Amino acid sequence: MADMPSTARPRSNAARILTIVGFVFAVLALLLNPVIFGVLGIIAGIVGAVLGDKPLGWYAAAASAVAAILGTVVFAALINN
């Protein structure tokens with residue numbers, strides 16, 4: 001049997017919950033307030049990934065960053081019209 005590295009963390013329920021919250025914040029960043037929800041989504045995704053929900057935690061953080069940028073661009077376009 002192969003030895004597993006001791007640095008790998010098993011995924012916990014808290015990690016999965018934080019990852020889901022990160023994706024929810026990504027959607028809210030796109031629809032409501034890109035700055036606040038984008039930052040919160042990035043933080044929740046990174047914490048979820050560090051707690052062991054890889055790679056979904058990193059995907060949640062990236063989705064929140066992209067949603068924050070897109071939300072800001074759309075909001076700026078709506079304001080300038």
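None of these values were measured; they are calculated from a predicted model. Throughout, residue positions are numbered sequentially from 1 according to the sequence presented.
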- Return each pair, listed once, that meets ring-ring contact (aromatic ring centres under 6.0 Å, His included) where at least one residue sits in residues 42-81; pairs must be two or more places apart or across chains. none
- Message: As a test of understanding, state which of L32, L40, V39 forms a side chain to side chain contact (heavy atoms under 4.5 Å, CB included) with I36.
- Response: L40
- Taking side-chain contact (heavy atoms from CB on, under 4.5 Å) as the test, write out the residues that go with I42, two or more places apart. I46, S64, A65
- Item | Common cluster, F23/V27, ILVMFWY with side-chain heavy-atom separation under 4.5 Å | no
- Task: Work out which heavy atom in A60 is nearest to a heavy atom in G45; give both atom names and the distance.
- Result: CB-CA, 4.1 Å
- Just jot down the ring-ring contact (aromatic ring centres under 6.0 Å, His included) partners of F37, sequence neighbours excluded, or say none. F25
- In short, side-chain hydrogen bond (donor to acceptor under 3.5 Å, both in side chains) pairs touching residues 38-53 with sequence neighbours left out are R16-D53, T19-D53
- Applying side-chain hydrogen bond (donor to acceptor under 3.5 Å, both in side chains), which residue pairs with at least one partner in residues 31-40 are found, sequence neighbours left out? none
- Item | Taking every non-hydrogen atom, the tightest pair across A26 and A67 | O-CB, 3.1 Å
- Message: Using the side-chain contact (heavy atoms from CB on, under 4.5 Å) criterion, which residues pair with S12? Sequence neighbours excluded.
- Response: A14, A15
- Item | Shortest non-hydrogen contact from A29 toward G38 | CB-N, 3.5 Å
- Note on the structure: Between the CD1 atom in I43 and the CG atom in L18, the distance rounded to the nearest 0.5 Å is 11.0 Å
